Amino acid sequence: MPSQGPSLKDLFERLNQQGAPANMPRPGSSLVDRVATWGRRALIVAAVVLVVVLAACYWWFHPSLSLQSMQIWTWIVGICLVALLVLPVLAARSAKRAKLYRRLMIVPAAPVVGFVVGLLLSQPFFPGNAERYASVLDTTDGVFAEDIEEVDYSEVPVIDRDSAILLGNRAMGSIPEYVSQFEIADTYSQINYQGRPVRVSPLVYADLFKWFSNRDTGIPAYVLVDMVTQEAEVVRLEDPILYSDSEPLARNVDRHVQLSYPSLMFDQKSFELDEEGHPWWVYPVQRRTIGTFGGTDIYAVVLVDACTGETDFYAVEEVPTWVDRAYPSDLLIEQYNWSGMYENGWLNSWLGQEGVVRTTPGTNGQLGYNYIAQGEDIYLYTGVTSVTADDSSVGFILVNQRTGESHFYPVAGATEASAMASAEGQLQNLRYQATYPILLNVAGQPTYFVSLKDDAGLVKMFAMINIEQYQSVATGSTVEECQEAYLALLAADGLLSEQEAADASVTVEVSGTIATIAQAVVDGNSHFYVTLADDATGAIYDFALPDLLEIVTYQPGDQIVFRCVEKSEEAVTVTVSDLL
C-alpha cells in the first residue's frame, strides 16, 4: 500500500522550523502582520482608496462638522467603538505587539468618554441646567383682546393641510404634461403671501427616470392653495427650480447647503415665496446653549434660491420680513415644554409637579398646534394644559415664527380636542370630521374656529366654539352665517350685550324688489341667485339651500328682506346669511 505524502499541517510545521520567507503570511497571521509585508506602493494605494471612500461617504451623507452635532458624533463614536473591539483582538493574537495595541486603545476611548461627558453635562438634572432649559424660550404674558386683532372674515383660513393637499392634487390633475412627469411634494408650508394665508409646495420628479429625462430643464412650477377661498393653482415659473429634495446628486438642496456651510447645523427647512412669488428654501441654523448637546435654539437663517442655488446667511434678527418660518414649529413646542417642565426646578418636574404644564397634544399622537396670520408674520398657536389634566387648558401661547417672540395668554377652558368633539357632536347625524382648531378674536372673545369635512375631505360647514364655555357651539354653512349664529349665542349666554353683538356683526340688512332669480347647482348643492331692481351695487345675492329653503317661494317682482355680508368693492356675488 503506497505511503501517503505529508499533510498541509506537517508542511507548515516544517516551514516554521526551517524559517519561512519574510514576505510569506503564515496561517492565522493577523491583518496587521499581512499589511506589514506590503510594499510602499501598495500602502500608498490603500491610503488613497481609504481617503476616497471617506470623502465619498462625507459627500453623500454630508453631516455637519460641528462638534455639537449628534450626527457627526454618531460617526466618531461608531468608528471608535469598532477600534475598541478590534484592538484587544489584535493584542490577543500578537504577543509581540500586544503592549502597543493596548496603549493605542486610549486614542478611540478618549472621544467616547468625551461624548458621554458631553451628554451628562447637557442633561436637565445637571446642576443649574433646569433653570437654563426653562429660559431658552422667553415667554411673557399677553392680553388677548389687545394683542390679537379682531377677526377679518375675508382672511380666515377654512381648510387644513389635508384639504390643501386634496385641492392641490386636483389642480395638478388639470395639467396632463405635468402629471406624467412630476408629483407634488408633501411640503405644503403655510405662509403669509401678499397678505393672504396660503399653503405652497414645489413639484418633484415622479421617479428616478423622470429626473433623468427632466434634470436639464428642472422643475417648472409649484402649487399654491389659498386657505380662504379654497382656490388652488399650479404656478408656472419663468426660471425653473433646479435645487430641491428630489435631486439625487449635486443639486440636492440639502447636500448643496450643507457643503456650502460645512460647520453649521441646520434644522427643518421650509419652502417659501417672497412677495414676487419667487421660490426659496429657508434653513434655520441651530446652536446648542446648554452643555454640548442641550438647549437647541436658532440664531441664524440661510436662504437658498431654489432656482439658482445662491445662498445668503442672515442673523435671525436680520431675516427679511417675507420669511415666515425661521423657527421650526416642533422646536418651539419643545422649547415651551422645557419652560413648562423645569421652571420650578428639575426635582419638582418629577415629584411635586407644582406649576408644571405642557402644550396640549394633537390627534393621532402628533403635536397639537396651528397657525395664525397677524400682519406680515405667521404665529404658532397651541394650548397649554397641566401635566395632570388632559381635558382642560390653562391658557395658550402664540409664538412669532420669524422672531421667536413668545406670549402666554391665561384663558382657562377647553382643549382643542374637546372643542373638536363639541363641534362634531353638534352635527352628529352628519358624521362630519372637525379640523384642528385655529384661534380667533371674535368681539374680544377667544374662540376656536373649525371646519367640518365629509368623508371625501370636502369642507361642508363651519363651527365656532367659545374657549371658556365650550358648550357654546355655533355652526353654519358659510363663515359669515357661522359668525352670526355665534354672536347671537354669545349674546344669549350673557357673554356679549346685544349692542356688542350687533357692532361685531359683519352683515347688513337689504330689502328691495326681485328683478331676476335663477337656480344653479354648485358642488352638488343648490343655490338661488337673485338681483334686485334699482340696486346701485349691481350685486348678485347667493341664497344657499337647504338653509334658505324659503327662497323657492319667491318670484320676480316680489318684495324681499334679508341679511347678507356687506359687499366689498371687488365682490360680485354676495352670500346671504338669513332670510327675514
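The structure presented is a predicted model; accordingly, all values stated were derived computationally and were not measured.
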Tell me the closest heavy-atom pair linking [X] and [Y], and the distance in Å.
X	Y	value
A474	A485	CB-C, 3.7 Å
I517	P556	CG2-CD, 3.7 Å
I191	V200	CD1-CG1, 3.8 Å
P197	V228	CG-CG2, 3.8 Å
S406	T139	OG-OG1, 2.9 Å

Side chain to side chain contact (heavy atoms under 4.5 Å, CB included) with F408: which of L398, V384, V399? V384
Modelled atom types, side-chain donor and acceptor of [X] and [Y], under 3.5 Å:
X	Y	value
Q353	N348	no
N192	D324	no
Y541	D535	yes
S244	S246	yes
N441	E150	no
Y371	S329	yes
T475	Q426	no
Y222	S201	no
Y436	R161	no
T360	T415	no
Q559	T513	yes

Between [atom1] on residue [X] and [atom2] on residue [Y], distance to nearest 0.5 Å:
X	Y	atom1	atom2	value
R199	M227	CZ	CE	4.5 Å
N337	Y342	CG	OH	9.5 Å
Q194	D274	CD	CG	9.5 Å
I378	S270	CD1	OG	11.0 Å

Evaluate Q445 against T447 for side chain to side chain donor-acceptor pair (under 3.5 Å), listing each step before the verdict. CA-CA 6 Å; Q445 293 289 320; T447 302; over 6 Å; no
Trace of the ring pair (Phe, Tyr, Trp, His ring centres under 6.0 Å) decision for Y554 with F528: CA-CA 10 Å; Y554 285 82; F528 279 78; over 10 Å; no
Please confirm whether the backbone N or O of [Y] pairs with a side-chain atom of [X], one donor and one acceptor, at under 3.5 Å?
X	Y	value
T187	S189	no
Q335	T296	yes
T435	S451	yes
N344	E354	yes
Q401	D377	no
T382	G368	yes
D558	Q555	yes
S422	Q471	no
R236	A221	no
S418	A414	no

Could you tell me whether the side chain of [Y] reaches within less than 4.5 Å of the side chain of [X], counting heavy atoms only?
X	Y	answer
E550	F562	no
V394	T385	no
M341	R358	no
I148	Q374	yes
I560	F543	yes
V158	F449	yes
V530	I540	no
N466	Y448	no

Would you please test Y327 and V316 for side-chain contact (heavy atoms from CB on, under 4.5 Å) and show each step? CA-CA 9 Å; Y327 286 80; V316 74; 3.7 Å; yes
Starting from the C-alpha separation in whole Å, work towards a yes-or-no answer on side chain to side chain donor-acceptor pair (under 3.5 Å) for Y409 and D147. CA-CA 10 Å; Y409 299 90; D147 295 351; 2.9 Å; yes
Could you please spell out the steps behind the side chain to side chain donor-acceptor pair (under 3.5 Å) verdict for Q123 and Y133? CA-CA 9 Å; Q123 298 305 308; Y133 270 101; 5.9 Å; no
Dump the intermediate steps for side-chain contact (heavy atoms from CB on, under 4.5 Å) on Q286 and F266, then the final yes or no. CA-CA 6 Å; Q286 296 180 349; F266 295 107; over 6 Å; no
List the steps and the verdict of salt bridge (Lys or Arg N to Asp or Glu O under 4.0 Å) for D160 and K453. CA-CA 10 Å; D160 59 1; K453 302 190 296 184; 3.3 Å; yes
Let's go through V234 and Y178 carefully: what are the C-alpha distance in whole Å and the side-chain angles of both, what is the deciding distance for side-chain contact (heavy atoms from CB on, under 4.5 Å) to 0.1 Å, and is it a yes or a no? CA-CA 10 Å; V234 178; Y178 286 176; 3.9 Å; yes
Give the intermediate values and the outcome of side-chain contact (heavy atoms from CB on, under 4.5 Å) for residues T321 and R402. CA-CA 8 Å; T321 55; R402 179 171 61 87; 4.2 Å; yes
List the steps, then state whether salt bridge (Lys or Arg N to Asp or Glu O under 4.0 Å) holds for R196 with E275. CA-CA 11 Å; R196 302 282 288 182; E275 291 304 303; over 6 Å; no
D245 vs K269, test: salt bridge (Lys or Arg N to Asp or Glu O under 4.0 Å). Steps then yes/no. CA-CA 11 Å; D245 311 84; K269 67 179 180 295; 2.6 Å; yes
